[in-house]
There are 2 protein chains.
Amino acid sequence: MPDALNPTRKRIIDAATKLFYAEGIGRVSVDAVAEKAGLTKRTLYYHFQSKDDLIAAYLDARDQPNLKQMAGWFESEEGGPDRKVQAIFSNLARVARHPKWKGCGFLRTAAELAAMPGHPAIKVGARHKANFESWLADEMANRGLLEPKTLAREIVLLMDGAFSTMLIHRNADYVEAAGHAAAVLIRSRVPPADAAN
Amino acid sequence: MPDALNPTRKRIIDAATKLFYAEGIGRVSVDAVAEKAGLTKRTLYYHFQSKDDLIAAYLDARDQPNLKQMAGWFESEEGGPDRKVQAIFSNLARVARHPKWKGCGFLRTAAELAAMPGHPAIKVGARHKANFESWLADEMANRGLLEPKTLAREIVLLMDGAFSTMLIHRNADYVEAAGHAAAVLIRSRVPPADAAN
DNA sequence: TCTTGTATACCGACTAGTGAATGTACACAA
DNA sequence: TTGTGTACATTCACTAGTCGGTATACAAGA
(Lines give C-alpha, C1' and ligand atoms only; values in the text may rest on other atoms or scores of the structure.)
Protein backbone atom coordinates (compact mmCIF):
# COMPACT_ATOMS: atom_id res chain seq x y z
CA MET A 1 0.00 0.00 0.00
CA PRO A 2 1.78 3.18 -1.15
CA ASP A 3 1.79 6.09 1.27
CA ALA A 4 0.36 9.53 0.67
CA LEU A 5 3.74 11.02 -0.21
CA ASN A 6 4.53 8.39 -2.84
CA PRO A 7 5.96 10.23 -5.86
CA THR A 8 4.03 8.18 -8.39
CA ARG A 9 0.86 8.87 -6.48
CA LYS A 10 1.71 12.54 -6.59
CA ARG A 11 2.26 12.41 -10.35
CA ILE A 12 -1.16 10.84 -10.79
CA ILE A 13 -2.81 13.48 -8.63
CA ASP A 14 -1.05 16.24 -10.58
CA ALA A 15 -2.36 14.81 -13.84
CA ALA A 16 -5.84 14.35 -12.38
CA THR A 17 -5.84 17.92 -11.08
CA LYS A 18 -5.16 19.38 -14.51
CA LEU A 19 -7.72 17.22 -16.29
CA PHE A 20 -10.49 17.19 -13.68
CA TYR A 21 -10.33 20.95 -13.23
CA ALA A 22 -10.18 21.68 -16.94
CA GLU A 23 -12.86 19.24 -18.12
CA GLY A 24 -14.88 18.21 -15.08
CA ILE A 25 -14.67 14.90 -13.27
CA GLY A 26 -17.38 13.23 -15.34
CA ARG A 27 -15.83 14.07 -18.66
CA VAL A 28 -12.37 12.75 -17.85
CA SER A 29 -11.69 9.03 -18.08
CA VAL A 30 -9.32 7.13 -15.83
CA ASP A 31 -7.43 6.20 -19.01
CA ALA A 32 -6.92 9.88 -19.78
CA VAL A 33 -5.52 10.58 -16.32
CA ALA A 34 -3.17 7.61 -16.58
CA GLU A 35 -1.93 8.71 -19.99
CA LYS A 36 -1.38 12.28 -18.77
CA ALA A 37 0.61 10.88 -15.84
CA GLY A 38 2.67 8.75 -18.21
CA LEU A 39 1.64 5.33 -16.91
CA THR A 40 -1.03 2.74 -17.46
CA LYS A 41 -4.49 2.58 -16.00
CA ARG A 42 -3.60 -0.59 -14.14
CA THR A 43 -0.83 1.25 -12.31
CA LEU A 44 -3.23 4.03 -11.40
CA TYR A 45 -5.53 1.41 -9.92
CA TYR A 46 -2.61 0.13 -7.91
CA HIS A 47 -2.32 3.53 -6.22
CA PHE A 48 -6.02 4.39 -5.98
CA GLN A 49 -8.90 2.16 -5.09
CA SER A 50 -11.34 3.69 -7.59
CA LYS A 51 -12.06 6.77 -9.64
CA ASP A 52 -14.08 8.14 -6.72
CA ASP A 53 -11.04 7.69 -4.51
CA LEU A 54 -8.93 9.60 -7.04
CA ILE A 55 -11.45 12.44 -7.18
CA ALA A 56 -11.36 12.80 -3.39
CA ALA A 57 -7.55 12.76 -3.45
CA TYR A 58 -7.54 15.46 -6.14
CA LEU A 59 -9.63 17.80 -4.00
CA ASP A 60 -7.75 16.94 -0.83
CA ALA A 61 -4.51 18.00 -2.52
CA ARG A 62 -6.06 21.38 -3.36
CA ASP A 63 -7.17 22.16 0.19
CA GLN A 64 -4.06 23.70 1.71
CA PRO A 65 -2.68 25.43 -1.43
CA ASN A 66 -6.06 27.05 -1.95
CA LEU A 67 -6.29 28.32 1.62
CA LYS A 68 -2.70 29.60 1.44
CA GLN A 69 -3.49 31.56 -1.70
CA MET A 70 -6.50 33.22 -0.09
CA ALA A 71 -4.52 34.01 3.05
CA GLY A 72 -1.69 35.40 0.94
CA TRP A 73 -3.99 37.80 -0.88
CA PHE A 74 -5.51 38.84 2.43
CA GLU A 75 -2.17 39.49 4.10
CA SER A 76 -0.55 41.25 1.17
CA GLU A 77 -3.16 43.99 1.10
CA GLU A 78 -2.54 47.04 3.26
CA GLY A 79 -5.38 48.51 5.29
CA GLY A 80 -8.30 47.31 7.36
CA PRO A 81 -10.13 43.99 7.09
CA ASP A 82 -12.63 45.45 4.61
CA ARG A 83 -9.83 46.27 2.19
CA LYS A 84 -8.07 42.97 2.83
CA VAL A 85 -11.18 40.93 2.07
CA GLN A 86 -11.99 43.03 -0.92
CA ALA A 87 -8.46 42.30 -2.15
CA ILE A 88 -9.28 38.59 -2.13
CA PHE A 89 -12.25 39.25 -4.39
CA SER A 90 -10.22 41.51 -6.69
CA ASN A 91 -7.59 38.84 -7.06
CA LEU A 92 -10.28 36.27 -7.74
CA ALA A 93 -11.76 38.54 -10.39
CA ARG A 94 -8.33 38.86 -11.96
CA VAL A 95 -7.66 35.13 -12.20
CA ALA A 96 -11.26 34.46 -13.22
CA ARG A 97 -10.76 36.55 -16.33
CA HIS A 98 -8.18 34.05 -17.57
CA PRO A 99 -9.74 31.71 -20.15
CA LYS A 100 -8.38 28.66 -18.31
CA TRP A 101 -10.33 29.56 -15.19
CA LYS A 102 -13.21 27.15 -14.71
CA GLY A 103 -14.67 28.12 -11.36
CA CYS A 104 -14.09 26.60 -7.94
CA GLY A 105 -13.11 22.96 -8.25
CA PHE A 106 -14.75 22.11 -4.94
CA LEU A 107 -18.09 23.62 -5.87
CA ARG A 108 -18.05 22.20 -9.37
CA THR A 109 -17.35 18.73 -8.04
CA ALA A 110 -20.16 19.08 -5.51
CA ALA A 111 -22.47 20.13 -8.33
CA GLU A 112 -21.48 17.15 -10.47
CA LEU A 113 -21.95 14.78 -7.54
CA ALA A 114 -25.16 16.36 -6.24
CA ALA A 115 -26.95 13.04 -6.63
CA MET A 116 -24.47 11.39 -4.23
CA PRO A 117 -24.47 13.58 -1.12
CA GLY A 118 -22.30 11.18 0.87
CA HIS A 119 -19.56 10.96 -1.75
CA PRO A 120 -16.09 11.22 -0.17
CA ALA A 121 -15.11 14.04 -2.52
CA ILE A 122 -18.04 16.14 -1.29
CA LYS A 123 -16.94 15.57 2.29
CA VAL A 124 -13.45 16.77 1.36
CA GLY A 125 -14.97 19.83 -0.29
CA ALA A 126 -17.17 20.56 2.71
CA ARG A 127 -14.17 20.35 5.01
CA HIS A 128 -12.20 22.72 2.79
CA LYS A 129 -15.00 25.28 2.75
CA ALA A 130 -15.41 24.94 6.51
CA ASN A 131 -11.67 25.51 6.95
CA PHE A 132 -11.86 28.68 4.91
CA GLU A 133 -14.88 29.98 6.80
CA SER A 134 -13.18 29.22 10.09
CA TRP A 135 -9.98 30.99 9.08
CA LEU A 136 -11.99 34.01 7.99
CA ALA A 137 -13.94 34.08 11.26
CA ASP A 138 -10.68 34.05 13.20
CA GLU A 139 -9.27 36.92 11.17
CA MET A 140 -12.43 38.94 11.73
CA ALA A 141 -12.44 38.17 15.46
CA ASN A 142 -8.75 39.04 15.85
CA ARG A 143 -9.47 42.47 14.39
CA GLY A 144 -12.20 43.08 16.93
CA LEU A 145 -15.11 43.01 14.51
CA LEU A 146 -18.59 42.27 15.81
CA GLU A 147 -20.31 38.95 15.05
CA PRO A 148 -17.20 37.47 13.41
CA LYS A 149 -18.80 34.10 12.67
CA THR A 150 -21.89 35.56 11.04
CA LEU A 151 -19.70 37.96 9.13
CA ALA A 152 -17.41 35.17 7.90
CA ARG A 153 -20.41 33.16 6.75
CA GLU A 154 -21.80 36.11 4.81
CA ILE A 155 -18.46 36.62 3.08
CA VAL A 156 -18.34 32.93 2.21
CA LEU A 157 -21.84 33.14 0.75
CA LEU A 158 -20.85 36.11 -1.38
CA MET A 159 -17.68 34.38 -2.54
CA ASP A 160 -19.39 31.12 -3.50
CA GLY A 161 -22.09 33.18 -5.15
CA ALA A 162 -19.38 34.99 -7.10
CA PHE A 163 -17.88 31.67 -8.23
CA SER A 164 -21.25 30.39 -9.46
CA THR A 165 -22.41 33.59 -11.05
CA MET A 166 -19.10 34.09 -12.80
CA LEU A 167 -19.36 30.59 -14.21
CA ILE A 168 -22.74 31.23 -15.80
CA HIS A 169 -22.25 34.84 -16.93
CA ARG A 170 -18.48 34.84 -17.50
CA ASN A 171 -18.50 38.40 -16.28
CA ALA A 172 -16.01 39.31 -13.57
CA ASP A 173 -18.07 42.35 -12.57
CA TYR A 174 -20.07 39.98 -10.38
CA VAL A 175 -16.93 39.08 -8.45
CA GLU A 176 -16.12 42.74 -7.87
CA ALA A 177 -19.70 43.41 -6.79
CA ALA A 178 -19.44 40.58 -4.28
CA GLY A 179 -16.20 42.05 -2.95
CA HIS A 180 -17.83 45.44 -2.54
CA ALA A 181 -20.79 43.94 -0.68
CA ALA A 182 -18.42 42.02 1.57
CA ALA A 183 -16.56 45.21 2.43
CA VAL A 184 -19.83 46.95 3.29
CA LEU A 185 -20.85 44.09 5.58
CA ILE A 186 -17.44 44.19 7.29
CA ARG A 187 -17.62 47.94 7.91
CA SER A 188 -21.06 47.50 9.45
CA ARG A 189 -19.39 45.29 12.07
CA VAL A 190 -16.74 47.80 13.15
CA PRO A 191 -17.40 48.37 16.88
CA PRO A 192 -18.40 51.92 17.84
CA ALA A 193 -15.40 54.06 18.80
CA ASP A 194 -15.11 54.44 22.57
CA ALA A 195 -14.40 58.14 23.18
CA ALA A 196 -13.64 57.48 26.87
CA ASN A 197 -10.28 55.83 26.04
CA MET B 1 -39.93 19.80 -37.85
CA PRO B 2 -42.18 19.64 -34.77
CA ASP B 3 -43.07 22.92 -33.09
CA ALA B 4 -42.22 23.93 -29.54
CA LEU B 5 -45.70 23.08 -28.24
CA ASN B 6 -45.71 19.58 -29.67
CA PRO B 7 -47.09 17.23 -26.99
CA THR B 8 -44.51 14.51 -27.64
CA ARG B 9 -41.78 17.08 -27.34
CA LYS B 10 -43.27 18.19 -24.06
CA ARG B 11 -43.35 14.62 -22.78
CA ILE B 12 -39.66 14.26 -23.61
CA ILE B 13 -38.80 17.51 -21.84
CA ASP B 14 -40.77 16.44 -18.78
CA ALA B 15 -38.86 13.18 -18.64
CA ALA B 16 -35.56 14.98 -19.20
CA THR B 17 -36.36 17.47 -16.46
CA LYS B 18 -36.87 14.77 -13.86
CA LEU B 19 -33.77 12.81 -14.82
CA PHE B 20 -31.38 15.68 -15.53
CA TYR B 21 -32.28 17.43 -12.30
CA ALA B 22 -32.10 14.29 -10.20
CA GLU B 23 -28.89 12.82 -11.62
CA GLY B 24 -27.10 15.58 -13.50
CA ILE B 25 -26.92 15.95 -17.25
CA GLY B 26 -23.74 13.94 -17.65
CA ARG B 27 -25.00 10.93 -15.76
CA VAL B 28 -28.24 10.57 -17.71
CA SER B 29 -28.21 8.89 -21.10
CA VAL B 30 -30.46 9.78 -23.98
CA ASP B 31 -31.74 6.21 -23.81
CA ALA B 32 -32.82 6.76 -20.23
CA VAL B 33 -34.72 9.93 -21.13
CA ALA B 34 -36.45 8.16 -24.02
CA GLU B 35 -37.45 5.25 -21.82
CA LYS B 36 -38.78 7.57 -19.12
CA ALA B 37 -40.82 9.37 -21.80
CA GLY B 38 -42.17 6.04 -23.05
CA LEU B 39 -40.68 6.14 -26.54
CA THR B 40 -37.52 5.16 -28.35
CA LYS B 41 -34.31 7.06 -28.70
CA ARG B 42 -34.89 7.42 -32.44
CA THR B 43 -38.11 9.29 -31.78
CA LEU B 44 -36.35 11.55 -29.32
CA TYR B 45 -33.79 12.35 -31.99
CA TYR B 46 -36.63 13.23 -34.31
CA HIS B 47 -37.72 15.95 -31.89
CA PHE B 48 -34.30 17.13 -30.75
CA GLN B 49 -31.19 17.64 -32.77
CA SER B 50 -28.79 16.39 -30.11
CA LYS B 51 -28.42 15.81 -26.40
CA ASP B 52 -27.04 19.34 -26.06
CA ASP B 53 -30.18 20.62 -27.71
CA LEU B 54 -32.29 18.65 -25.25
CA ILE B 55 -30.33 20.02 -22.29
CA ALA B 56 -30.94 23.58 -23.45
CA ALA B 57 -34.64 22.83 -23.93
CA TYR B 58 -34.84 21.37 -20.43
CA LEU B 59 -33.47 24.55 -18.88
CA ASP B 60 -35.53 26.78 -21.15
CA ALA B 61 -38.67 25.05 -19.91
CA ARG B 62 -37.69 25.79 -16.31
CA ASP B 63 -37.16 29.52 -16.86
CA GLN B 64 -40.68 30.92 -16.43
CA PRO B 65 -41.96 28.45 -13.79
CA ASN B 66 -38.89 29.18 -11.71
CA LEU B 67 -39.33 32.94 -11.92
CA LYS B 68 -43.02 32.59 -11.11
CA GLN B 69 -42.24 30.60 -8.00
CA MET B 70 -39.80 33.22 -6.76
CA ALA B 71 -42.25 36.02 -7.51
CA GLY B 72 -45.02 34.10 -5.76
CA TRP B 73 -42.99 33.73 -2.58
CA PHE B 74 -42.09 37.43 -2.75
CA GLU B 75 -45.67 38.59 -3.22
CA SER B 76 -47.22 36.27 -0.66
CA GLU B 77 -45.17 37.70 2.18
CA GLU B 78 -46.58 40.68 4.05
CA GLY B 79 -44.31 43.60 4.92
CA GLY B 80 -41.49 45.56 3.35
CA PRO B 81 -39.08 44.41 0.66
CA ASP B 82 -36.61 43.15 3.26
CA ARG B 83 -39.20 40.73 4.63
CA LYS B 84 -40.39 39.78 1.17
CA VAL B 85 -36.90 38.90 -0.03
CA GLN B 86 -36.13 37.09 3.18
CA ALA B 87 -39.29 35.07 2.56
CA ILE B 88 -37.83 33.86 -0.72
CA PHE B 89 -34.78 32.58 1.14
CA SER B 90 -36.89 30.96 3.86
CA ASN B 91 -38.93 29.15 1.24
CA LEU B 92 -35.75 28.08 -0.50
CA ALA B 93 -34.39 26.77 2.79
CA ARG B 94 -37.61 24.83 3.30
CA VAL B 95 -37.57 23.12 -0.10
CA ALA B 96 -33.81 22.59 0.13
CA ARG B 97 -34.29 20.45 3.20
CA HIS B 98 -36.22 17.92 1.11
CA PRO B 99 -33.94 14.99 0.18
CA LYS B 100 -34.92 15.29 -3.48
CA TRP B 101 -33.58 18.82 -3.66
CA LYS B 102 -30.39 18.89 -5.71
CA GLY B 103 -29.55 22.57 -5.97
CA CYS B 104 -30.24 25.01 -8.76
CA GLY B 105 -30.51 23.20 -12.09
CA PHE B 106 -29.16 26.21 -13.96
CA LEU B 107 -26.05 26.52 -11.81
CA ARG B 108 -25.41 22.79 -11.73
CA THR B 109 -25.61 22.60 -15.50
CA ALA B 110 -23.26 25.55 -15.84
CA ALA B 111 -20.83 23.78 -13.49
CA GLU B 112 -21.01 20.56 -15.49
CA LEU B 113 -20.46 22.44 -18.73
CA ALA B 114 -17.78 24.79 -17.42
CA ALA B 115 -15.39 23.53 -20.08
CA MET B 116 -17.80 24.67 -22.82
CA PRO B 117 -18.55 28.32 -22.05
CA GLY B 118 -20.49 28.85 -25.28
CA HIS B 119 -22.80 25.89 -24.78
CA PRO B 120 -26.43 26.78 -25.60
CA ALA B 121 -27.61 25.50 -22.21
CA ILE B 122 -25.30 27.92 -20.43
CA LYS B 123 -26.68 30.77 -22.50
CA VAL B 124 -30.20 29.74 -21.46
CA GLY B 125 -29.09 29.64 -17.84
CA ALA B 126 -27.43 33.04 -18.08
CA ARG B 127 -30.60 34.52 -19.55
CA HIS B 128 -32.69 33.02 -16.76
CA LYS B 129 -30.41 34.42 -14.08
CA ALA B 130 -30.40 37.81 -15.81
CA ASN B 131 -34.20 37.74 -15.93
CA PHE B 132 -34.36 37.08 -12.21
CA GLU B 133 -31.87 39.82 -11.40
CA SER B 134 -33.78 42.24 -13.61
CA TRP B 135 -37.12 41.40 -11.98
CA LEU B 136 -35.57 41.87 -8.56
CA ALA B 137 -34.06 45.23 -9.54
CA ASP B 138 -37.47 46.40 -10.74
CA GLU B 139 -39.12 45.36 -7.48
CA MET B 140 -36.46 47.19 -5.49
CA ALA B 141 -36.76 50.30 -7.64
CA ASN B 142 -40.58 50.30 -7.47
CA ARG B 143 -40.32 50.37 -3.69
CA GLY B 144 -38.07 53.39 -3.80
CA LEU B 145 -34.91 51.72 -2.56
CA LEU B 146 -31.55 53.24 -3.32
CA GLU B 147 -29.18 51.63 -5.83
CA PRO B 148 -31.76 49.03 -6.92
CA LYS B 149 -29.49 47.39 -9.50
CA THR B 150 -26.54 47.03 -7.16
CA LEU B 151 -28.89 45.76 -4.49
CA ALA B 152 -30.47 43.19 -6.81
CA ARG B 153 -27.04 41.95 -7.82
CA GLU B 154 -25.99 41.54 -4.21
CA ILE B 155 -29.14 39.54 -3.47
CA VAL B 156 -28.48 37.35 -6.49
CA LEU B 157 -24.93 36.74 -5.30
CA LEU B 158 -26.18 35.73 -1.88
CA MET B 159 -28.80 33.45 -3.38
CA ASP B 160 -26.44 31.68 -5.76
CA GLY B 161 -23.97 31.43 -2.90
CA ALA B 162 -26.71 29.83 -0.82
CA PHE B 163 -27.44 27.31 -3.58
CA SER B 164 -23.77 26.34 -3.85
CA THR B 165 -23.02 26.26 -0.16
CA MET B 166 -26.14 24.25 0.58
CA LEU B 167 -25.07 21.72 -2.03
CA ILE B 168 -21.70 21.13 -0.40
CA HIS B 169 -22.70 21.35 3.27
CA ARG B 170 -26.30 20.14 3.04
CA ASN B 171 -27.10 22.58 5.81
CA ALA B 172 -30.02 24.94 5.27
CA ASP B 173 -28.66 27.35 7.89
CA TYR B 174 -26.55 28.83 5.11
CA VAL B 175 -29.69 29.69 3.15
CA GLU B 176 -31.22 31.41 6.16
CA ALA B 177 -27.97 33.29 6.78
CA ALA B 178 -28.01 34.48 3.18
CA GLY B 179 -31.61 35.66 3.60
CA HIS B 180 -30.68 37.57 6.71
CA ALA B 181 -27.74 39.25 4.99
CA ALA B 182 -29.97 40.16 2.05
CA ALA B 183 -32.48 41.79 4.39
CA VAL B 184 -29.70 43.80 6.03
CA LEU B 185 -28.47 45.03 2.66
CA ILE B 186 -32.00 46.00 1.65
CA ARG B 187 -32.60 47.99 4.84
CA SER B 188 -29.34 49.84 4.25
CA ARG B 189 -30.89 51.10 0.99
CA VAL B 190 -34.05 52.53 2.53
CA PRO B 191 -33.94 56.25 1.65
CA PRO B 192 -33.69 58.62 4.66
CA ALA B 193 -37.11 59.76 5.91
CA ASP B 194 -37.86 63.32 4.76
CA ALA B 195 -39.30 65.10 7.81
CA ALA B 196 -40.30 68.14 5.71
CA ASN B 197 -43.16 66.23 4.05
C1' DT C 1 -48.03 10.16 -53.15
C1' DC C 2 -45.87 12.99 -49.95
C1' DT C 3 -45.09 14.38 -44.99
C1' DT C 4 -44.87 13.39 -40.19
C1' DG C 5 -43.77 10.52 -36.71
C1' DT C 6 -42.41 6.13 -34.79
C1' DA C 7 -39.81 1.57 -34.13
C1' DT C 8 -36.03 -2.00 -34.68
C1' DA C 9 -31.57 -2.68 -34.90
C1' DC C 10 -27.21 -1.32 -35.24
C1' DC C 11 -22.40 1.38 -35.24
C1' DG C 12 -17.92 2.68 -33.59
C1' DA C 13 -16.03 4.72 -29.74
C1' DC C 14 -15.53 4.85 -25.17
C1' DT C 15 -16.25 3.39 -19.96
C1' DA C 16 -14.59 1.67 -15.14
C1' DG C 17 -12.43 -1.92 -13.55
C1' DT C 18 -9.55 -6.58 -13.50
C1' DG C 19 -6.51 -11.07 -14.31
C1' DA C 20 -2.23 -12.60 -15.02
C1' DA C 21 2.26 -11.89 -15.99
C1' DT C 22 6.51 -9.16 -15.79
C1' DG C 23 9.99 -6.18 -13.95
C1' DT C 24 12.71 -4.29 -10.12
C1' DA C 25 14.86 -3.17 -5.80
C1' DC C 26 16.67 -4.82 -1.78
C1' DA C 27 17.53 -8.06 2.17
C1' DC C 28 19.85 -11.96 3.47
C1' DA C 29 22.32 -16.30 3.03
C1' DA C 30 25.96 -19.22 0.98
C1' DT D 1 30.58 -12.09 -4.72
C1' DT D 2 26.86 -14.54 -6.06
C1' DG D 3 22.35 -16.48 -5.70
C1' DT D 4 17.61 -16.24 -4.17
C1' DG D 5 13.32 -14.96 -1.79
C1' DT D 6 10.01 -11.36 -1.38
C1' DA D 7 7.35 -7.33 -1.58
C1' DC D 8 6.53 -3.53 -4.32
C1' DA D 9 5.41 -1.60 -8.77
C1' DT D 10 4.19 -1.81 -13.47
C1' DT D 11 2.50 -3.48 -18.08
C1' DC D 12 -0.61 -5.81 -21.61
C1' DA D 13 -4.72 -7.45 -22.78
C1' DC D 14 -9.16 -8.06 -21.63
C1' DT D 15 -14.28 -7.93 -19.82
C1' DA D 16 -18.83 -6.47 -19.92
C1' DG D 17 -21.28 -2.83 -20.56
C1' DT D 18 -22.67 2.16 -21.97
C1' DC D 19 -22.45 6.15 -24.87
C1' DG D 20 -24.41 9.51 -28.56
C1' DG D 21 -26.03 9.11 -32.80
C1' DT D 22 -27.92 6.89 -37.24
C1' DA D 23 -29.57 3.78 -41.43
C1' DT D 24 -33.54 1.77 -42.66
C1' DA D 25 -38.18 0.53 -42.65
C1' DC D 26 -42.88 1.29 -41.91
C1' DA D 27 -47.40 3.20 -40.69
C1' DA D 28 -50.91 6.66 -40.82
C1' DG D 29 -53.01 10.98 -42.40
C1' DA D 30 -53.59 14.61 -46.05
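Throughout, a chain's letter reflects where its sequence line sits, starting with A, and its residues are numbered from 1. Computed from a prediction, not measured in an experiment: that's the story for all the values here.
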Practice task
Just do the side-chain contact (heavy atoms from CB on, under 4.5 Å) check on B:I155 and B:L185 with the steps written out, would you?
Solution key: CA-CA 8 Å; B:I155 296 167; B:L185 289 170; 5.9 Å; no

Completion exercise
Closest non-hydrogen contact found for B:A182 with B:V85 is CB-CG1, 4.0 Å

Problem - Partners meeting side-chain contact (heavy atoms from CB on, under 4.5 Å) with B:E147 (sequence neighbours left out) - result: B:T150, B:R189

Handout entry: B:Q49 CD to D:dG21 P, straight-line distance once rounded to whole Å
Key = 10 Å

Completion exercise
The correct set of residues in residues 27-42 of chain A placing a heavy atom under 4.0 Å from DNA chain C is A:V28, A:S29, A:V30, A:K41, A:R42

Handout entry: Distance, rounded to the nearest Å, where A:Y46 contributes OH and C:dG23 contributes C1'
Key = 13 Å

Handout entry: Distance, rounded to the nearest Å, where A:R9 contributes CZ and D:dT10 contributes P
Key = 13 Å

Completion exercise
The reported gap from OG in A:S164 to CG in B:L167 (rounded to nearest 0.5 angstrom) is 9.0 Å

Practice task
Report yes if at least one side-chain N or O of B:T8 is closer than 4.0 Å to OP1 or OP2 of C:dT6; otherwise report no.
Solution key: yes

Handout entry: Atom-pair distance (CG on B:L44; P on D:dC19), nearest Å
Key = 14 Å

Problem - For atom CZ of B:F48 and atom P of C:dT6, their distance in whole Å - result: 12 Å

Completion exercise
Between CD1 of B:I25 and C1' of D:dG20 the distance, given in whole Å, is 14 Å

Polar atoms only, N or O, under 3.5 Å: list the protein pairs with nucleotides 15-17 of chain D and their distances.
none

Practice task
Sorted by first residue and then second, give each side chain to side chain donor-acceptor pair (under 3.5 Å) pair with at least one member in residues 98-122 of chain A; sequence neighbours left out.
Solution key: A:D52-A:H119

Exercise for the section: Check whether any side-chain nitrogen or oxygen of A:T43 sits under 4.0 Å from OP1 or OP2 of D:dA9, and answer yes or no. Expected result: no

Exercise for the section: Specify the closest pair of heavy atoms between A:F89 and A:A178, including all atoms of both residues, with the distance to one decimal. Expected result: CE2-CB, 3.6 Å

Handout entry: With B:E176 via side-chain contact (heavy atoms from CB on, under 4.5 Å) - residues at least two apart
Key = B:S90, B:A93, B:R97

Handout entry: Phosphate contact (D:dC8 OP1 or OP2) by A:H47 side-chain N/O below 4.0 Å
Key = no

Handout entry: Counterpart residues, ring-ring contact (aromatic ring centres under 6.0 Å, His included), relative to B:F20 (two or more places apart)
Key = B:Y58

Exercise for the section: Hey, could you give me each pair passing side chain to side chain donor-acceptor pair (under 3.5 Å) that has a residue in residues 124-137 of chain B? Not counting sequence neighbours. Expected result: A:Y174-B:E133, B:D60-B:R127, B:D63-B:H128, B:K129-B:D160, B:E133-B:R153, B:W135-B:E139

Handout entry: Residues that A:T43 engages under side chain to side chain donor-acceptor pair (under 3.5 Å), provided they are two or more places apart
Key = A:T40

Practice task
Return the value, rounded to whole Å, for the distance between atom OH of A:Y45 and atom C1' of D:dC14.
Solution key: 14 Å

Exercise for the section: Of all the heavy-atom pairs spanning B:A61 and B:I13, show the shortest one and how long it is. Expected result: CB-CG2, 3.8 Å

Problem - More than 12 heavy atoms from other groups under 6.0 Å of CD on A:E35 - result: no

Are any protein N/O atoms closer than 3.5 Å to N/O atoms in nucleotides 24-26 of chain C? If there are, list each pair with its distance.
none

Exercise for the section: Return the set of residues passing side-chain contact (heavy atoms from CB on, under 4.5 Å) with A:A32 (not counting sequence neighbours), or none when no residue passes. Expected result: A:L19, A:V28, A:S29

Completion exercise
Sorted by chain and residue number, the side-chain contact (heavy atoms from CB on, under 4.5 Å) partners of B:D14 (sequence neighbours excluded) come out as B:K10

Completion exercise
Base-paired stretches in DNA chain D with three or more consecutive Watson-Crick or G-U pairs, both distances under 3.5 Å, amount to C:1-30 with D:1-30

